[in-house]
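So the structure is just underneath, and the comments pick up after that.
In this text, all values refer to a predicted model and were calculated from it rather than measured experimentally.
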Amino acid sequence: MPNKRSGGGLSPTQQAAKFLGVSVLAGAVMAGIALPAVGALGLAAKGSVEGFDELPANLKQPPLSQRTTILDSKGDSIATVYSRDRTVVDLKEISPYMQQAIVAIEDARFYQHGAVDLKGVLRAVNRNAQEGGVAQGASTLTQQLVKNVAVEEAGDDPTLVAQAIQQTLGRKIRELKYAIQLEEELGKKKILENYLNITFFGQQAYGVEAGSQRYFSKSAKDLDVEEAALLAGIVQSPSRYDPVNDPQEATKRRNTVLQRMADLGDISQAEADKAKEKPLGLDISKPKNGCITAVKGAGFFCDYVREVFLNDPIFGKSKEDRAKIWNQGGLTIRTTMDPKAQKSVQASVKEHVRQKDEVATAATIVEPGTGNILAMGQSRPYGLDTKKNETSINLSVDESMGGGAGYQPGSTFKPIVAAAAIEDGMSPGKIYPAPYEMLYPSPISTCGGGTWRNSTGSDAAKLANESASEVGPYSMEKATALSVNTYFVQMIADIGICPVTKMAGKMGVERADGRKMDQAPSIALGTQEMSPLTMANAYATFASRGMYCTPVAIESITQRVGEKSKSLEVPKSTCSRAMSEKTADTISTLLKGVVEDGTGTEAGLGPSRPSAGKTGTTDGRYAAWFVGYTPNMAGAVWVGDPAHKRRMVNITIGGVGYDKVFGGKVPGPIWRDMMSGALEGEPNPGFNPVYIPDERPDRGRGDNDNGNGNNDDDNGNGDDGDNDDGFIGGTDGGTTFPTPEFSIPENWIQGQTNGGNNGNGNGGGFG
C-alpha cells in the first residue's frame, strides 16, 4: 500500500497520478461551479491544464497580521493595536471540539481526500445542474485556506480583496494548484491549524483565538462543544450568523453544526441534543483596538509610539514599508513610559484643569542623560468626540509627530539665551540697564553675516517689562528670577542672534511646525512656537550638566512571524555636548533662584528636593508655561487654548477663577504636583552650585525692588514679565511710565531699518 502522510490523505505520488486523470474533469467541474451556463464547460476545460501549468510553483504565504501590544517600562500593557485582531495559536491550544466542529461543517471528508475532494466536486456539479445556478460549492478546507491567504495578502485594498474572492475559473484553478502544494508541504494538522488562525469569525475577530475571546471572553483551548459549534457555524457567513445581532439565526446554525458532529460520530446524539438546549451563553468582549483603549491616560504616548514607528527609517526605507510592518502587527513594543510618572502626570492634570474647560493643558516628563520619555498626558483625552472636548491631536509633540503647530514658550526660552551668552564668555554677573520700556536695539547681527534692523519712526518695534515697577539696572540672577524682558533683549543685542539659534539647535529646540527659527531679537522672549516635549528635553540638557540627548520612547521591539520571534532594531538616543558643565551648572543656579525667590515659587518642590525652572506667559495670555527639572527628571507644562482664540483673562480653570493666568500660578502647581508624584521614592541628588558675582555698583538701592519686595508677584499680579498686550513683552497696565534712573547710552537705540522689523512690531510675534 502506498505511503500516506501524517493526518491521512493521498501521498504526493498518488496525488500527482490522480491529477493527470482528472485535471480536465476538474477544469470542467470548476467551470461548472463558477459558471452556471452548461455551454461554457467545454471552453473552460480546454484551457484548464495550460492555465494550471503557467501558475507560479509556490504559493506566497504572507505572515498573518496580528495584534500589537504596547507595554510600559515595567512590562505592563498600555494598549493593543491592530489592523486585524488576531492572535496566532498552535493547534494544541485549540479545543478538540473546535477542530471537530469546523471539519464537520466545512469539510467532513477533510481527512480522507487530498487537496480536492472529487466526490464533493461531483456532488456540487450535480446539485448546481439541478438548481440551474451556483447552489453549492465544493472547496475543501485546504482550498479555503488558499483563498484566505489571498484575502490576507490583499490587506485592506477593496479591489484586491474583490479579486481574491471573485467566482472565476482562474481563481479556482489557482486554488487547486496551491492546495496541492499545501497538502504536500504541510499535512492535514498544519493546514487545519493555519485555517483556524486565518479565518474571519465576524465582529472584527480574525482567527479562532480572537473569535473565542470576542464572543465568550475565553481562550480557544477552553471552548465547550456548543461554543465551538457556534464559532464553526459563523465562518460560512459572519454577517448572517452573527450571534450578537441575530441570536436566533446563530442558534439555528449552531444546532446544525451540532447535529452534523453527531452524524459524523464526533459526539453522541445525546450530547448534541443536550447542547442544542443550551442558550448561546455569550460573554462579549468589545473590540479594543488602538490608542483610544490605552490605560493610565497613555493614549497620546501610545500615539507617539506609533508615529515614531511610521516615521523612523530604522523600521523601513519608505513610509509604505514601515506601515506594512505596523499593520502586519505581531509586535511587542516595550516603551520608556514610567507608570508612576504617567499616573502622577494624569492625576495632576485632572486636579488642576478639567476636560470641559475652555483651555487645555499638556505635560511631559523626560529623563536627563538618556532622553527617555517617562510620561505624557493632557487634560483633553484621546478620542474623536469633539463635543466632549476629546481630541486625537497630541498637544505635547511636534506637528510632524501627530501634534499641533506648537505654542510660544514665552520666557521659558530666556535660559537658552543666557546659556548662549555665558558659553560665549559673558559673566553671569552681567548688569544691564534694563529699563521698563525701550525700542528694540538695532542693528543686531544674525547668522551668515546678516543684520537685523529695527524700523524707524512710529513703526519701530518696542518692548516693555510686565510691570512699570520693573526698572533696572538688573543682574542676570535677578533678571532671570523676575523674568525681565528688556534685560534679555539687551543681552541678545550684545551677543547677536546667531549664538542663540545655534545653542537652541544644540539643545534640540526647533519649531513645532518644522519651520526654521526666525532671525529676530524677539526670539529672546519666546516667540517661536515649541512643543512641551521639546522644552522638557531642552531643560533636561541643563539637568544633565550640558549633555543633550535625543528623546526616545521605545526600549525594545519583538516581532512574531509565524512561530518564530525576532528582535527589531529600535532608535537609540544620541547624546552630545551642547554646553560646558559650568555653563549648565550656572543656568541651574540661576533657575534654582526662580523657584526659591522668583516668579516660580509655587512650582518649587520644597527644601528637601532641589529643583530649578522657569515660568513663561505669552503675549495676550494665550499660553502659559512652567518648565523645570531636578537632576534626574525634567518636565514641561503648557496651559492654553489649542486653537489660540481664548485669552486667559477672566477665566475659570479647574473650578478656580483667574483675572489673569500666568506661568507661576496655573502651570507651576501642575508641574509641582506631577513631579512630586513622579519623584516619590526616587534618588534625591543635588545640583552643582556656581557662584554668581554681582557686578552692579552699589548705588544704595539694595536689590532694586523699587519698594516692592522682590517683585515675585508683580505688585499682586504675579506675572512673570513676558506679557505685553500692547508692547512686545510689555504690560497690561497703564499709559504713564516712571522715568528710568539711568541714562541710555547715546546711539544705543538707533531705530533704523533695513527691510522692516521682521515681525518685531508692536505685538508682533507674540499673539
Side-chain angles (χ1 to χ4, degrees), residues 66-82 87 288-312 314-315 326 329-350 362-379 381-383 392 394-397 401-403 532-533 536-537 540 549-560 565 567-573 630 632-637 673-683:
Q66 302 183 63
R67 66 176 64 185
T68 285
T69 302
I70 300 177
L71 310 174
D72 63 27
S73 62
K74 306 300 182 184
D76 295 325
S77 178
I78 296 173
T80 300
V81 298
Y82 50 80
T87 300
K288 294 181 178 180
N289 180 27
C291 294
I292 198 169
T293 66
V295 298
K296 304 168 187 173
F300 295 101
F301 193 100
C302 167
D303 189 74
Y304 182 76
V305 168
R306 182 181 67 88
E307 291 289 345
V308 169
F309 194 99
L310 294 177
N311 283 280
D312 199 308
I314 199 170
F315 298 115
W326 181 265
L331 307 172
T332 300
I333 303 175
R334 195 178 187 115
T335 71
T336 60
M337 193 190 90
D338 178 72
K340 180 174 64 175
Q342 181 67 24
K343 180 180 179 181
S344 184
V345 165
Q346 285 303 120
S348 182
V349 164
K350 188 176 181 180
T364 301
I365 299 177
V366 298
E367 184 177 48
T370 67
N372 289 344
I373 304 172
L374 304 181
M376 186 180 290
Q378 61 193 54
S379 58
Y382 192 92
S392 59
N394 188 344
L395 303 176
S396 286
V397 303
M401 299 299 288
L533 175 58
N537 209 42
C549 297
T550 56
V552 291
I554 299 173
E555 287 187 355
S556 65
I557 298 181
T558 301
Q559 182 184 33
R560 179 173 178 177
S565 295
S567 296
L568 299 185
E569 187 179 359
V570 300
K572 301 295 183 182
S573 179
T630 66
N632 46 357
M633 283 191 194
V637 175
D673 292 348
M674 79 176 190
M675 294 293 283
S676 294
L679 288 163
E680 186 176 353
E682 297 296 320

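Of the possible donor and acceptor atoms, one in the side chain of Ser573 sits under 3.5 Å from a partner among the backbone N and O of Thr370. Looking at Gln342, its side chain does come within 3.5 Å of a backbone N or O of Lys296 through a donor-acceptor pair. Distance alone, capped at 3.5 Å, places no donor-acceptor pair between the Thr558 side chain and the Ser567 backbone.
Annotation: side chain to side chain contact (heavy atoms under 4.5 Å, CB included) contacts of Asp673 (sequence neighbours excluded): Ser348, His352. Legend: residues meeting ring-ring contact (aromatic ring centres under 6.0 Å, His included) with Tyr82, ordered by chain and number and at least two apart, are absent. By the side chain to side chain contact (heavy atoms under 4.5 Å, CB included) test, Pro571 is found to be paired with Val308, Asp312, Ile314, Phe315, residues two or more places apart in sequence or in another chain being considered.
Using a 4.5 Å heavy-atom cutoff, the side chains of Thr336 and Phe301 are in contact. No side-chain heavy atom of Thr80 sits less than 4.5 Å from a side-chain heavy atom of Ile70. Between Met376 and Val397, some side-chain heavy-atom pair lies under the 4.5 Å cut-off.
One finds the CD atom of Glu307 at 10.5 Å from the SG atom of Cys302 (value rounded to the nearest 0.5 Å). Between the CZ atom in Arg67 and the CZ atom in Arg560 there is a gap of 12.5 Å [rounded to 0.5 Å]. To the nearest 0.5 Å, atom CD1 of residue Ile554 and atom CD of residue Glu569 are 12.0 Å apart. Separation of atoms OG (Ser344) and CG (Leu679) is listed at 8.5 Å; rounding is to 0.5 Å. Expressed to the nearest 0.5 Å, how far OG of Ser396 lies from CE of Met401 amounts to 12.5 Å.
Nearest approach of Lys74 to Arg334, heavy atoms of both residues: C-NH2, 3.2 Å. Residues Ala362 and Gln378 come closest through the heavy atom pair CA-CB, 3.9 Å. Heavy atoms only, all atoms of each residue included: Ile292 and Gly383 are closest at CD1-CA, 4.1 Å. Taking every heavy atom of both residues into account, Glu367 and Asn632 meet most closely at CG-O, 4.1 Å. Among all heavy-atom pairs drawn from Phe300 and Ser392, the shortest one is CE2-C, 4.3 Å. Of all non-hydrogen atoms in Met337 and Ala298, the two that sit nearest each other are SD-CB, 3.6 Å.
Heavy atoms from other residues, nucleotides or ligands lying under 6.0 Å from NZ of Lys350 number 12 at most. A 6.0 Å sphere centred on CD of Glu680 holds no more than 12 heavy atoms belonging to other residues, nucleotides or ligands.
Checked options Leu71, Thr335, Thr69; the residue passing with Ile78 is Thr335 (criterion: side-chain contact (heavy atoms from CB on, under 4.5 Å)).
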field: From CA spacing to verdict: side-chain contact (heavy atoms from CB on, under 4.5 Å), Glu555, Val570
entry: CA-CA 7 Å; Glu555 287 187 355; Val570 300; over 6 Å; no
- prompt: Could you go step by step and tell me if Val81 and Arg306 meet the side-chain contact (heavy atoms from CB on, under 4.5 Å) rule?
  reply: CA-CA 9 Å; Val81 298; Arg306 182 181 67 88; over 6 Å; no
- request: Verify side-chain contact (heavy atoms from CB on, under 4.5 Å) between Val552 and Asn372, making sure each step is shown before the conclusion.
  value: CA-CA 5 Å; Val552 291; Asn372 289 344; 3.2 Å; yes
Intermediate values then yes/no, side-chain contact (heavy atoms from CB on, under 4.5 Å), Asp338 and Ile365: CA-CA 10 Å; Asp338 178 72; Ile365 299 177; over 6 Å; no
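If you check the side chains of Tyr304 and Asn394, you find no donor sitting under 3.5 Å from an acceptor.
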